[in-house]
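Report on one structure; see the data block that follows.
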Protein chains: 2
Amino acid sequence: MTQAPRKSPPRVTLEDVARRAQTSTITVSRALRRPGMVSEKLRERIAKAVTELGYVPDPAASALASRRSNVIGVLIPSVTNSVFAEVLSGLYDTIAGKPFNAQLGNTRYAPETEDELIRVFLSQRPAGLVVTGIDQSPVSRALLAAADCPVVQIMELGETPTDMMVGFSHRDAARTATDHLIERGYKFPAFIGARMDPRSERRLQGFRDAIAAADIAEGDRVVTTPTPSSVTLGETLLAELLAQAPETDAILCNNDDLALGVQFAAHRRGIAIGPELGLCGFNDIEVMEAAHPSITSVRTFRREMGRLAIDMLMARIEGKDVDENVRDLGYALMPRDSTMRE
Amino acid sequence: MTQAPRKSPPRVTLEDVARRAQTSTITVSRALRRPGMVSEKLRERIAKAVTELGYVPDPAASALASRRSNVIGVLIPSVTNSVFAEVLSGLYDTIAGKPFNAQLGNTRYAPETEDELIRVFLSQRPAGLVVTGIDQSPVSRALLAAADCPVVQIMELGETPTDMMVGFSHRDAARTATDHLIERGYKFPAFIGARMDPRSERRLQGFRDAIAAADIAEGDRVVTTPTPSSVTLGETLLAELLAQAPETDAILCNNDDLALGVQFAAHRRGIAIGPELGLCGFNDIEVMEAAHPSITSVRTFRREMGRLAIDMLMARIEGKDVDENVRDLGYALMPRDSTMRE
DNA sequence: TTGTACGCGTTATCAC
DNA sequence: GTGATAACGCGTACAA
């Protein structure tokens with residue numbers, strides 16, 4: 001890196017601390033990392049010297065010598081999507097206070113970017129890696145398989161974990177939601193989806209599972225787009241859907257933003273959400289409950305995913321044998337007014 | 001760090017590359033960092049060797065030797081707040097492809113956490129630092145002042161930048177919004193605010209500036225809470241407000257979440273947003289435009305803040321003299337249906 | 001339990 | 001333009 005034009009105070013090193021505590025650097029190093037290996041007396045002297053001198057370990061030197069950094073790499077496809085933001089929140093809360101640093105990588109849904117980011121992270125000899133989803137490219141897959149650190153795949157579940165997994169079945173969740181629509185008496189359920197990433201595709205699968213099981217024809221009641229999701233897009237997709245499939249009497253959205261947009265648009269069109277048009281979102285972000293009418297959604301446990309991902313990494317880093325390599329967090333249907341027919 | 005139980009491939013080093021290119025390590029290092037200093041021929045041989053061997057630099061070794069890491073520390077008070085998420089988005093987009101890594105720190109609105117995180121970041125000899133707001137604790141202030149890297153404060157403006165700043169005046173923005181309510185003919189404007197952080201306090205100031213200038217008494221029309229903001233909270237605060245100040249005919253919310261909650265709650269109560277109750281949010285997140293009725297808000301330029309923060313850091317890191325140490329991004333009132341009286 | 005010697009992979013410094 | 005040498009600050013391996 002190029003230099004920056006500011007001051008440069010001399011650094012306090014292990015050696016300074018050792019001199020002050022009248023011992024050797026390696027003992028100080030041990031006292032800091034594994035206090036149990038150092039005698040009580042020495043430990044105290046060292047602790048005193050550390051605070052007096054204001055010693056702060058140099059992570060670069062540590063990483064170089066130990067061939068292992070304190071970085072936990074986290075790859076997510078979008079920073080703005082509130083779903084991932086909540087995963088991050090749980091993740092950061094859990095990592096706080098621990099001697100590790102989360103380093104965020106934004107893949108922007110691009111496999112090449114993901115490959116590259118994984119390379120960058122691995123060059124740091126990370127303590128652990130968290131990656132989103134189970135659809136890594138062959139390149140990424142190979143890199144992760146060869147990684148000499150624990151890896152957690154989050155958000156979904158799959159047959160062949162690279163290492164560990166924590167998530168839930170998007171397909172089952174969407175099927176449950178669709179079953180709910182059918183049970184509530186809607187005859188022509190539709191599916192609209194934005195940003196059709198692998199998880200959304202599996203939700204669509206779940207939708208199809210459900211209507212097939214109920215002997216309902218799909219007709220033209222599936223509208224999807226690769227465009228990133230937004231509330232506004234909900235209105236657009238609703239218009240498309242009603243144009244091509246006017247019989248539609250219920251909609252499963254691949255996420256809550258769309259559902260909110262559909263609701264606003266329905267109000268504009270004078271369509272009564274619930275009685276005339278059933279509406280179900282996905283993820284159950286906070287606004288679903290607060291909306292008027294409140295909107296049915298499938299709750300997913302996003303903060304828990306972040307928390308568990310770190311817990312699993314920590315367990316492995318500490319050498320514990322994790323018996324459950326794959327954790328299914330499930331989901332919960334939250335029926336609300338938007339799927340009440342009267 | 002403790003070891004992790006996985007494989008451990010031998011690392012390709014500068015020396016390997018140098019041997020293959022029949023030159024010295026330092027020349028390879030130079031060829032990679034300042035190609036201009038190495039002859040064309042050698043540069044090609046080296047490039048070839050690098051790709052053939054799949055050499056990836058070790059950031060830890062680099063940081064140790066150069067006393068400068070490629071880390072850009074970013075401190076924000078909340079990961080889930082979509083406002084900061086968008087700042088991050090601009091920031092990550094801008095940093096992508098550059099030889100720097102953003103490292104995120106979540107202060108959770110706690111000054112002690114911020115102090116601690118700044119210490120942690122500084123121990124990494126970061127290439128630059130991005131911190132939120134201008135209300136750092138004395139400790140943080142001192143740490144930042146002594147930091148030997150460029151620092152950008154984002155989100156607001158202030159008289160005494162630690163180093164650089166990019167933001168806007170929350171006070172002016174809120175005043176503009178309140179003026180708008182008054183101009184539209186609302187006689188009893190109110191303010192509701194959640195999570196009253198320093199920026200929200202300044203918005204409240206702006207609100208008070210405006211009503212004072214219009215000779216309007218504040219009455220009991222200010223309701224605030226330290227509780228984190230949410231859509232649901234908008235409903236709660238509306239109830240409180242109307243209970244203690246029934247004359248209220250317009251509301252400035254300290255953010256868009258609250259505004260949305262107020263709108264839903266108003267629908268429930270049969271209050272017509274616009275004609276009966278003026279409503280204005282803050283930040284102008286996407287849903288404001290899509291809502292029905294659409295909600296007036298003050299647009300702020302969050303992605304731009306993230307982008308500019310990195311741009312300013314880069315300029316300084318590259319040794320350019322940044323003439324504008326403080327950048328005012330302004331704001332834009334977006335009048336919509338929620339402040340239409342008829 | 002404590003210490004010695006060395007190496008981690010890179011860059012700064014100074015010579016050629 | 002290129003190279004030898006010596007750090008950078010810490011942890012591993014081994015010895016005491």
Side-chain angles (χ1 to χ4, degrees), chain A residues 1-4 8-46 50 53-70 99 122-125 127 148, chain B residues 1-4 8-46 49-50 53-71 99 122-125 127 148:
Chain A
M1 304 304 98
T2 327
Q3 60 170 8
S8 163
R11 187 171 188 112
V12 178
T13 72
L14 268 190
E15 202 173 336
D16 300 328
V17 178
R19 206 172 4 246
R20 180 143 194 154
Q22 302 177 64
T23 176
S24 66
T25 61
I26 184 62
T27 304
V28 177
S29 170
R30 280 199 276 252
L32 264 30
R33 288 176 302 133
R34 302 189 197 152
M37 292 182 66
V38 175
S39 71
E40 177 87 26
K41 273 190 63 177
L42 248 181
R43 221 187 305 157
E44 280 174 13
R45 284 221 309 277
I46 291 173
V50 164
L53 264 42
Y55 169 74
V56 182
D58 184 330
S62 168
L64 187 55
S66 68
R67 298 138 162 280
R68 173 74 49 219
S69 78
N70 68 347
L122 287 180
S123 80
Q124 303 189 51
R125 309 169 182 285
D148 91 340
Chain B
M1 303 303 97
T2 328
Q3 60 171 5
S8 161
R11 186 170 190 116
V12 178
T13 73
L14 268 190
E15 201 173 337
D16 299 329
V17 178
R19 205 173 5 246
R20 179 140 193 156
Q22 303 177 64
T23 175
S24 67
T25 61
I26 183 64
T27 303
V28 176
S29 172
R30 280 199 276 253
L32 263 30
R33 286 176 304 134
R34 301 189 199 154
M37 290 182 66
V38 175
S39 71
E40 178 86 27
K41 273 190 62 176
L42 247 181
R43 220 186 309 155
E44 281 175 13
R45 284 221 309 277
I46 291 173
V50 165
L53 263 41
Y55 168 76
V56 182
D58 184 330
S62 170
L64 186 57
S66 68
R67 297 139 161 280
R68 175 71 51 218
S69 79
N70 68 348
V71 168
L122 288 180
S123 80
Q124 302 191 50
R125 309 170 182 284
D148 94 345

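All values reported here derive from a predicted model rather than from experimental measurement. Below, chain A is the first sequence line, B the second, and so on; all start at residue 1.
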Just so I know, are the side chains of R67(A) and R11(B) near enough to count as touching, which here means a heavy-atom distance under 4.5 Å?
no

Taking the side chain as every heavy atom from C-beta outward, state whether R68(B) and D148(B) have any atom pair closer than 4.5 Å.
yes

Give a yes/no answer on whether the side chain of [X] brings an N or O atom under 4.0 Å of OP1 or OP2 in [N].
X	N	result
R125(B)	dG9(D)	yes
S66(A)	dC10(D)	no
R68(A)	dC8(C)	no
S29(B)	dT11(C)	yes
S39(B)	dG1(D)	no
R33(B)	dA12(C)	yes
S24(A)	dG3(C)	yes

Between [N] atom [atom2] and [X] atom [atom1], what is the distance in whole Å?
X	N	atom1	atom2	value
K41(A)	dT2(C)	NZ	C1'	14 Å
R19(A)	dC10(D)	CZ	P	12 Å
R34(A)	dT2(C)	CZ	P	15 Å
R67(A)	dG7(C)	CZ	P	12 Å
L64(A)	dT11(C)	CG	P	12 Å
L32(B)	dT11(C)	CG	P	8 Å
E15(A)	dG11(D)	CD	C1'	14 Å
L14(A)	dG3(C)	CG	C1'	14 Å

Would you please name every residue forming a salt bridge (Lys or Arg N to Asp or Glu O under 4.0 Å) with R45(B), sequence neighbours left out?
none

Which is true for I26(A) with a 4.0 Å heavy-atom rule: it touches a base, it touches only sugar-phosphate, or it touches nothing?
base

NA contact type, T25(A), heavy-atom cut-off 4.0 Å: base, sugar-phosphate, or nothing?
nothing

Might you point out which heavy atoms bring L32(A) and Y55(A) nearest each other, and give the distance in Å?
CD2-CE2, 3.6 Å

T25(B) side-chain N/O to L14(B) backbone N/O, donor-acceptor pair under 3.5 Å
no

Can you say whether a donor on the side chain of R43(B) sits under 3.5 Å from an acceptor on the base of dG1(D), or the other way round?
no

Map A65(B) and T23(B) onto DNA chain D by nearest heavy atom, then report which one ends up closer to the 5' terminus.
T23(B)

